[in-house]
A.B. asks: 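What follows is a single structure, and I will ask about it in a moment.
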Amino acid sequence: MLRWMKKSNQNDSDAYTSTIDGMKKVYKKFVRPLEELYRYQEFYSPLLTDSDFDAPPTVMLLGQYSTGKTTFIKYLLETDYPGLRIGPEPTTDKFVAIMHGEQDQIIPGNALVVDHKRSYKVLSRFGNNFLQRFEGAVINNPLLSGMTLLDTPGVLSGTKQTISRGYDFTGVVQWFAERVDMIILLFDAHKLDISDEFQRVIEACKGNDTKIRIVLNKADKVTNQQLMRVYGALMWSLGKVLGTPEVARVYIGSFWDQPYTNDENRKLFEMEEEDLFKDIQSVPRGAIIRKLNDLIKRSRLAKTHAYIIAHLKNEMPAVFGKEAKQKQLINNLPAIFEQIQRATGLPAGDFPNVQEFSESLKKCDFSKFKPMNQGLVDALDKMISTELPRLMAQVPQDQEVFHEDYMKNLNKREGGALYDQDTTPFGVGTTLDILNAPVPVNDYQYEFEQLGPGADGKINGTQAKGPMQDSKLPNSTLKRIWALGDIDKDGKLDIREFAIVKHLVKLKLDGHELPVEVPKIWLEGLEIDDYRR
């Protein structure tokens with residue numbers, strides 16, 4: 001695991017760990033007492049625990065069924081995860097947290113929520129029906145050493161959406177949306193309609209607009225002209241649902257490891273994929289600042305909440321007419337917010353939604369509210385003005401510590417699609433007969449000679465790039481093939497290495513997974529001492 005996720009007795013020179021620990025301390029000392037006194041958890045989100053601060057960053061994927069959410073995750077990991085199912089029908093009927101671990105396993109939802117090392121304890125409030133549809137998939141993949149991926153059930157459309165799931169699906173999505181670091185909304189180029197349930201899901205993500213990324217998947221299935229029209233239709237639909245004046249960034253591509261159906265937009269897909277992967281790769285690095293930002297936002301909301309509750313308590317009669325007064329206060333809530341705002345100078349943006357807050361107040365007995373404790377509020381103000389800026393100053397160093405660790409894990413052959421192998425020209429499981437037979441080098445001799453090898457009998461990356469891209473395989477796959485075939489890691493291919501590369505391309509085009517390493521039998525006849533990996 002990464003240094004920043006460990007609980008240890010390291011000294012303050014480990015800035016990332018001490019920043020996380022610092023946030024835990026200021027929350028417990030300054031924020032939580034105010035939340036407990038004024039029952040913050042009954043109106044907003046539950047009280048935080050250490051696991052909420054220690055939890056790795058999470059990327060959540062949302063979309064209607066068969067838009068490629070699970071395939072996208074497989075494409076990122078470049079391997080299956082335990083329990084994975086892919087199909088044109090709604091196959092993923094669960095929320096699946098794909099996490100890092102030494103041993104591959106599936107952890108049922110009821111076991112996940114009682115694990116104090118993980119931040120899912122609060123999910124038990126959604127009931128057993130949900131917990132039966134929630135599980136963790138543990139896999140030893142370097143990409144997951146710095147983040148968790150969250151696969152979600154396909155959002156239903158048509159008559160299917162009228163069938164009850166047995167739990168508050170939108171509520172679960174909203175809970176995750178408030179806590180994850182990135183939300184990827186996937187759309188199929190052939191299915192741009194936004195169902196009622198999908199609209200509710202997108203609306204549940206409101207307030208987290210900076211986390212949302214939109215992906216137009218399966219874009220290779222349409223022509224260049226059709227793609228232009230599809231993109232315009234998607235932007236029009238999103239404008240109505242998101243309700244923001246800004247134009248959302250849409251990543252266009254085909255995110256799986258099969259050949260492109262239409263290759264005419266290949267360059268566009270490559271650039272979009274590179275941008276999206278860089279965005280995802282930055283998620284772990286930005287996790288610390290996101291948590292600090294959420295803590296600041298929560299502190300301001302807790303302060304405003306304290307003033308509201310204390311004001312309502314102060315307005316209640318001592319003995320008679322409590323029920324009538326309580327109803328009057330709820331109905332007059334907008335005016336009360338304005339009154340508190342004028343008296344305290346709190347920004348209007350720090351006040352809650354009137355309708356939602358009113359619904360929560362109807363369940364409460366105002367006479368049991370606590371009066372204003374100015375000491376706690378003053379302590380919170382001091383924390384915001386002094387303690388949080390000190391933690392903020394440590395963030396740049398923390399990010400460098402994390403980046404070093406995470407990239408070291410990613411730069412392995414098993415590092416998934418985010419694996420970065422700059423020496424390749426593509427920088428932007430079952431045992432098969434082909435793996436157990438020697439490579440027919442002579443079959444590729446003529447093609448190799450047509451590429452014009454140099455005096456050293458080798459071709460460079462530029463010469464090899466064209467023939468490899470003729471396969472129409474995506475660059476992330478060709479990158480892995482090059483890394484496997486360039487045995488001596490000199491950035492060039494001789495005839496034997498070229499034969500291995502072509503053989504790997506054929507293997508992939510035949511629908512098989514690439515091996516983790518070149519089979520030993522493929523290396524027979526090579527001068528092994530000169531090709532040490």
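None of the values given here were measured: they were computed from a predicted structure. Quick note: numbers below take in every heavy atom, side chains included, and nothing from hydrogens, waters or symmetry partners.
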A.B. asks: Hey, is CE on M392 packed in by over 12 heavy atoms from elsewhere, all under 6.0 Å?
C.D. replies: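 No, CE of M392 has 12 or fewer neighbouring heavy atoms, counting only those of other groups under 6.0 Å.
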A.B. asks: Taking 4.0 angstrom as the limit, do R390 and E387 come out as a salt bridge?
C.D. replies: yes
A.B. asks: Stepwise, does the salt bridge (Lys or Arg N to Asp or Glu O under 4.0 Å) test hold for E42 with R39?
C.D. replies: CA-CA 6 Å; E42 296 179 23; R39 299 158 62 173; 3.1 Å; yes
A.B. asks: Check the orientation of F277 and Y75. Use parallel for under 30°, tilted for 30 to 60°, and perpendicular for over 60°.
C.D. replies: tilted
A.B. asks: Look only at the side chain of N140 and the backbone of Q103, and say whether a donor-acceptor pair between them is shorter than 3.5 Å.
C.D. replies: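 No; judged by distance alone, with no hydrogens or angles, the pair does not exist.
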A.B. asks: Side-chain atoms of residues 169-177: list all donor-acceptor pairs with protein atoms under 3.5 Å, sequence neighbours left out, distances to 0.1 Å.
C.D. replies:
none

A.B. asks: Using atom types as modelled and distance alone, determine if a side-chain donor or acceptor of K74 lies under 3.5 Å from a backbone N or O of L84.
C.D. replies: no
A.B. asks: Do I202 and C205 come close enough that some side-chain heavy atom pair is under 4.5 Å?
C.D. replies: no
A.B. asks: Between K211 and D181, is the salt bridge (Lys or Arg N to Asp or Glu O under 4.0 Å) condition met? List the steps.
C.D. replies: CA-CA 6 Å; K211 301 177 182 180; D181 297 77; over 6 Å; no
A.B. asks: Are side-chain heavy atoms of I212 and I214 found at a separation under 4.5 Å?
C.D. replies: yes
A.B. asks: What are the two closest non-hydrogen atoms of S471 and L509, and how far apart are they?
C.D. replies: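 Nearest pair, atom of S471 first, then L509: O-CD2, 3.7 Å.
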A.B. asks: If you count the non-hydrogen atoms of other residues, nucleotides and ligands that lie under 6.0 Å from NZ in K25, is the total more than 12?
C.D. replies: no
A.B. asks: As a test of understanding, state which of R290, K291, R298 forms a side chain to side chain donor-acceptor pair (under 3.5 Å) with D294.
C.D. replies: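 In the set R290, K291, R298, the residue that makes a side chain to side chain donor-acceptor pair (under 3.5 Å) with D294 is R290.
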A.B. asks: Does a donor on one side chain sit under 3.5 Å from an acceptor on the other, for D151 and T70?
C.D. replies: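 Checked: D151/T70 side chains pair up, N/O donor to acceptor below 3.5 Å.
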A.B. asks: Examine the side chains of Y167 and N128 and answer whether a donor and an acceptor come within less than 3.5 Å of each other.
C.D. replies: no
A.B. asks: Does the Lys NZ or Arg CZ of K218 fall within the cation-pi geometry relative to F255 - under 6.0 Å from the ring centre and within 45° of the axis?
C.D. replies: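 That pair does not qualify as a cation-pi contact.
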A.B. asks: Calculate, to the nearest 0.5 Å, the distance between atoms CZ and CD1 belonging to R285 and I288 respectively.
C.D. replies: 13.5 Å
A.B. asks: Please check this pair: side chain of S145 against backbone of P142, looking for a donor-acceptor N/O pair closer than 3.5 Å.
C.D. replies: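 Yes, the answer is positive, given that a donor and an acceptor are paired below the 3.5 Å cut-off.
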A.B. asks: How many angstroms lie between atom CG of L149 and atom CG of L143, to the nearest 0.5 angstrom?
C.D. replies: 6.0 Å
A.B. asks: Would you mind telling me which of T477, L478, L473 makes a side chain to side chain contact (heavy atoms under 4.5 Å, CB included) with M468?
C.D. replies: L478
A.B. asks: Would E35 and Y27 count as having a side-chain donor-acceptor pair, cut-off 3.5 Å?
C.D. replies: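 A pair is found: one side chain offers a donor N or O, the other an acceptor, under 3.5 Å apart.
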A.B. asks: Taking R249 first and then D275, would you say they form a salt bridge - that is, a charged N and a carboxylate O separated by under 4.0 Å?
C.D. replies: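 Judged by the 4.0 Å cut-off on N to carboxylate O distance, R249 and D275 do form a salt bridge.
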A.B. asks: Side-chain contact, heavy-atom cut-off 4.5 Å: S360 with Y44?
C.D. replies: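 They are not in contact (no side-chain heavy atoms under 4.5 Å apart), so the answer is no.
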A.B. asks: Going by heavy atoms in the side chains, are M147 and V59 under 4.5 Å from each other?
C.D. replies: yes
A.B. asks: Would you please test M60 and I184 for side-chain contact (heavy atoms from CB on, under 4.5 Å) and show each step?
C.D. replies: CA-CA 6 Å; M60 177 170 67; I184 297 179; over 6 Å; no
A.B. asks: Give me the atom names and distance for the closest heavy-atom approach of I106 to P82.
C.D. replies: CG1-CB, 3.6 Å
A.B. asks: A side-chain contact here means heavy atoms from C-beta on lying under 4.5 Å apart; do D257 and K508 qualify?
C.D. replies: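 They are in contact (side-chain heavy atoms under 4.5 Å apart), so the answer is yes.
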A.B. asks: Check whether S299 reaches the backbone of L295 with its side chain - one donor and one acceptor, N or O, closer than 3.5 Å.
C.D. replies: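 The answer is yes, because a donor-acceptor pair under 3.5 Å joins these two groups.
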A.B. asks: Please report the interatomic distance CG(L216) to CG(D188), rounded to the nearest 0.5 Å.
C.D. replies: 8.0 Å
A.B. asks: Evaluate the criterion side-chain contact (heavy atoms from CB on, under 4.5 Å) for residue pair I98 and T148; output intermediate values, then yes/no.
C.D. replies: CA-CA 6 Å; I98 302 112; T148 293; 5.6 Å; no
A.B. asks: Between F198 and F187, what is the ring plane arrangement, given parallel below 30°, perpendicular above 60°, and tilted in between?
C.D. replies: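 Rings of F198 and F187: tilted, as their planes differ by 30° to 60°.
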A.B. asks: Quick one: closest heavy-atom pair of P46 and V122, and the distance?
C.D. replies: CG-CG1, 3.1 Å
A.B. asks: If you measure only the distance, is there a donor-acceptor pair under 3.5 Å linking the side chains of S254 and D220?
C.D. replies: yes
A.B. asks: Begin from the C-alpha positions of D52 and T49 and carry the test side-chain contact (heavy atoms from CB on, under 4.5 Å) through to its verdict.
C.D. replies: CA-CA 5 Å; D52 291 306; T49 63; 3.3 Å; yes
A.B. asks: Does a salt bridge link D350 with R300, judged by any charged N lying under 4.0 Å from a carboxylate O?
C.D. replies: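 Salt bridge present between D350 and R300.
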A.B. asks: Distance from I73 atom CD1 to L77 atom CG, nearest 0.5 Å?
C.D. replies: 7.0 Å
A.B. asks: Just do the salt bridge (Lys or Arg N to Asp or Glu O under 4.0 Å) check on D486 and K489 with the steps written out, would you?
C.D. replies: CA-CA 5 Å; D486 184 13; K489 306 303 177 191; 5.8 Å; no
A.B. asks: Are I481 and L514 packed together at the side-chain level, in the sense that at least one heavy-atom pair is separated by less than 4.5 angstrom?
C.D. replies: yes
A.B. asks: Show the nearest heavy-atom pair for residues V180 and T58, with the distance to one decimal.
C.D. replies: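 Heavy-atom minimum between the residues: CB-O, 3.6 Å.
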A.B. asks: Which pair of non-hydrogen atoms, one from W482 and one from A464, has the smallest distance, and what is that distance?
C.D. replies: CZ3-CB, 3.7 Å
A.B. asks: For the residue pair L150 and L61, establish whether any side-chain heavy-atom pair is separated by less than 4.5 Å.
C.D. replies: no
A.B. asks: Show the nearest heavy-atom pair for residues S237 and I194, with the distance to one decimal.
C.D. replies: CB-CD1, 3.9 Å
A.B. asks: For E178 and S45, which I'm curious about, is there any donor-acceptor pair between the side chains at under 3.5 Å?
C.D. replies: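 S45 and E178 do not have a side-chain donor-acceptor pair below 3.5 Å.
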A.B. asks: Are W256 and F72 close enough, and set up right, to give a side-chain contact (heavy atoms from CB on, under 4.5 Å), and what steps lead you there?
C.D. replies: CA-CA 6 Å; W256 67 337; F72 184 93; over 6 Å; no
A.B. asks: Using only atom types and a distance under 3.5 Å, with no angle test, would you say the side chain of N353 pairs donor to acceptor with the backbone of E356?
C.D. replies: yes
A.B. asks: Drop me the distance from F134's CZ to I107's CD1, to the nearest 0.5 angstrom.
C.D. replies: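 Rounded to the nearest 0.5 Å, the CZ-CD1 separation comes to 9.5 Å.
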A.B. asks: Between D115 and R118, does any NZ, NE, NH1 or NH2 come within less than 4.0 Å of an OD or OE carboxylate oxygen?
C.D. replies: yes
A.B. asks: Take K267 and E272, measure what salt bridge (Lys or Arg N to Asp or Glu O under 4.0 Å) needs, and give me the verdict at the end.
C.D. replies: CA-CA 9 Å; K267 188 64 177 177; E272 292 287 285; over 6 Å; no
A.B. asks: Once you round to the nearest 0.5 Å, how far does NZ of K69 lie from CG of L186?
C.D. replies: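 K69 NZ to L186 CG: 7.5 Å, rounded to 0.5 Å.
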A.B. asks: Side-chain contact test, heavy atoms from C-beta onward, threshold under 4.5 Å: evaluate it for S476 versus E273 and give yes or no.
C.D. replies: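 They are in contact (side-chain heavy atoms under 4.5 Å apart), so the answer is yes.
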A.B. asks: Kindly indicate, with the supporting measurements, whether the criterion side-chain hydrogen bond (donor to acceptor under 3.5 Å, both in side chains) is fulfilled by Y251 and D279.
C.D. replies: CA-CA 11 Å; Y251 295 94; D279 207 357; 3.0 Å; yes
